Protein chains: 2
Amino acid sequence: MPHNHAHDHSLSLFPTDDHDHSDCTSNLMSYAEQFCEKKGLRLTKLRRDILKEIAASHKAIGAYQLLDSLAANGKKLAPISVYRSLDFLQEAGLIHRLESTNSYFACQRNFEDDERACTNEPLLFLICDDCGTIGEVDGTAIESLIGDVTSKAQFAVERSQLEIRGMCLSCQQSETPGASHE
Amino acid sequence: MPHNHAHDHSLSLFPTDDHDHSDCTSNLMSYAEQFCEKKGLRLTKLRRDILKEIAASHKAIGAYQLLDSLAANGKKLAPISVYRSLDFLQEAGLIHRLESTNSYFACQRNFEDDERACTNEPLLFLICDDCGTIGEVDGTAIESLIGDVTSKAQFAVERSQLEIRGMCLSCQQSETPGASHE
DNA sequence: CTGCTATATGGTATATTGTAACATTATGAA
DNA sequence: TTCATAATGTTACAATATACCATATAGCAG
């Protein structure tokens, strides 16, 4: 097997600097095609273009940044068009919205098993304040704890999203050592 | 002891419809005075007025709503003045900002023990989509689980806020019964 | 294919949320 | 008092998001 295993499951915790991102993009795009086909949703050219733009990194991008990127590619759009596609993609579970920064990023769940995507499990994001990279983590462990709390309060949960801000490993390593005790 | 115990700790899970809210307001206001005094922070008239307005309920209020309320009370302000006070109050831990709705509400921690307030524990909010009431819950149980996840990812947490949306007990009860199987 | 209907997109204007930059006023310490 | 710092005022504007109505496109019934 000449194929390099080093990157397998590299996204299960946090996207590493050296992962093969073209895999992420193509996985998501092909999953999006299948998923929309299966669900009778229309992955139109506009929606596909916007999804591809978002999937180009593991950072979150704002709606107006997207507008600019697409304009650079020759697509002159009104904000509302972008927002409508963002709504569609978000409802399909293909992207997420970071509420702390009003920006959008590609879903990172493992799409090899179709059924694992787009469920209502609680969302759990690790957001690096330094480089902007986002890691999407399995939230099922948190789910039961949330259930404890909410059932005591007799609160009927609809949706939960946990945005954890901090610094990723690679940004921690590139901080000037010794700067801490200046 | 002629005092009515029924409301004691009534906010430990979720604010009930019948709790004595004047207690909440006065507790928070007097705590704010003490806390700012102790920390050398200036709880100015503007900041106090804004805090009181926010503390008037357990719902979140937007910055421009606040502007209107204060204008109705004769205070004509620029948005920036409100935002500056909101920043101050938030840094002091006296209010929180709901990131999912860009709005602000009063901190509900138990202020009888000064030291418990304004720590860096993870924030955990239950937000009723129906009536807008918010419950602030102890997040320390979640904290350790978050620690498990983030340490595996070698991610250095700075801040986390969990916004759980759904329906509170009292709104569940006032839903039309039988509507579920229509 | 034609025409119908529902969905998607375009175009224009505007609402909502939040900040920049600089002037003025209030507070607290020397 | 005088100075330095913090707080607020004033004006303008940036960034994010939606309302509203017109047009275009896809899928379907006939």
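Please read all numbers here as calculations on a predicted model, not as lab measurements.
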| query | If you draw a 6.0 Å radius around CD in Glu37(B), do more than 12 non-hydrogen atoms from other residues or ligands fall strictly inside? | reply | no
| request: Establish, with yes or no, whether the OP1 or OP2 oxygen of dT18(D) is under 4.0 angstrom from a side-chain nitrogen or oxygen of Tyr83(A). | output: no
| request: Tell me, please, which residues at least two apart from Thr133(A) pass side-chain contact (heavy atoms from CB on, under 4.5 Å). | output: Phe14(A), Pro15(A), His58(A), Lys59(A), Cys131(A)
| query | Can you list the residues that meet the salt bridge (charged side-chain N to carboxylate O under 4.0 Å, His left out) rule with Glu33(B), with sequence neighbours excluded? | reply | Arg48(B)
| query | Rounded to whole angstroms, how far apart are CG on Asp68(A) and C1' on dA14(D)? | reply | 13 Å
| said: Enumerate the side chain to side chain donor-acceptor pair (under 3.5 Å) contacts for residues 144-153 of chain A, please, sequence neighbours excluded, ordered by first and then second residue. | reply: none
| request: Take atom CZ of Arg48(A) and atom P of dT25(D), then tell me their distance rounded to the nearest Å. | output: 16 Å
| Residues which pass ring-ring contact (aromatic ring centres under 6.0 Å, His included) with Phe88(A), listed by chain and number, not counting sequence neighbours | none
| message | Can you list everything that forms a salt bridge (charged side-chain N to carboxylate O under 4.0 Å, His left out) with Lys45(B)? Sequence neighbours excluded, please. | response | Asp49(B)
| Mind checking which nucleotides bracket the chain B contacts on DNA chain C, 5' to 3', with an atom under 4.0 Å from a heavy atom? | dT17(C) to dG28(C)
| Any residue meeting side-chain contact (heavy atoms from CB on, under 4.5 Å) with Ser160(A), in chain and number order, not counting sequence neighbours | Pro122(A), Ile146(A), Leu162(B), Ile164(B)
| query | Taking CG from Asp87(A) and P from dT16(D), how many angstroms apart are they, rounded to a whole number? | reply | 16 Å
| task | Using a 4.0 Å heavy-atom cut-off, write out nucleotides 3-11 of chain D from 5' to 3' as B (base contacted by protein), S (sugar-phosphate only) or - (no contact). | result | ---SSBBBB
| note | Contacts of Ala63(A) meeting side-chain contact (heavy atoms from CB on, under 4.5 Å) (sequence neighbours excluded), chain-then-number -> Val82(A), Tyr83(A), Leu86(A), Tyr104(A)
| field | N or O in side chain of Asn102(A) less than 4.0 angstrom from dA17(D) OP1/OP2 | value | yes
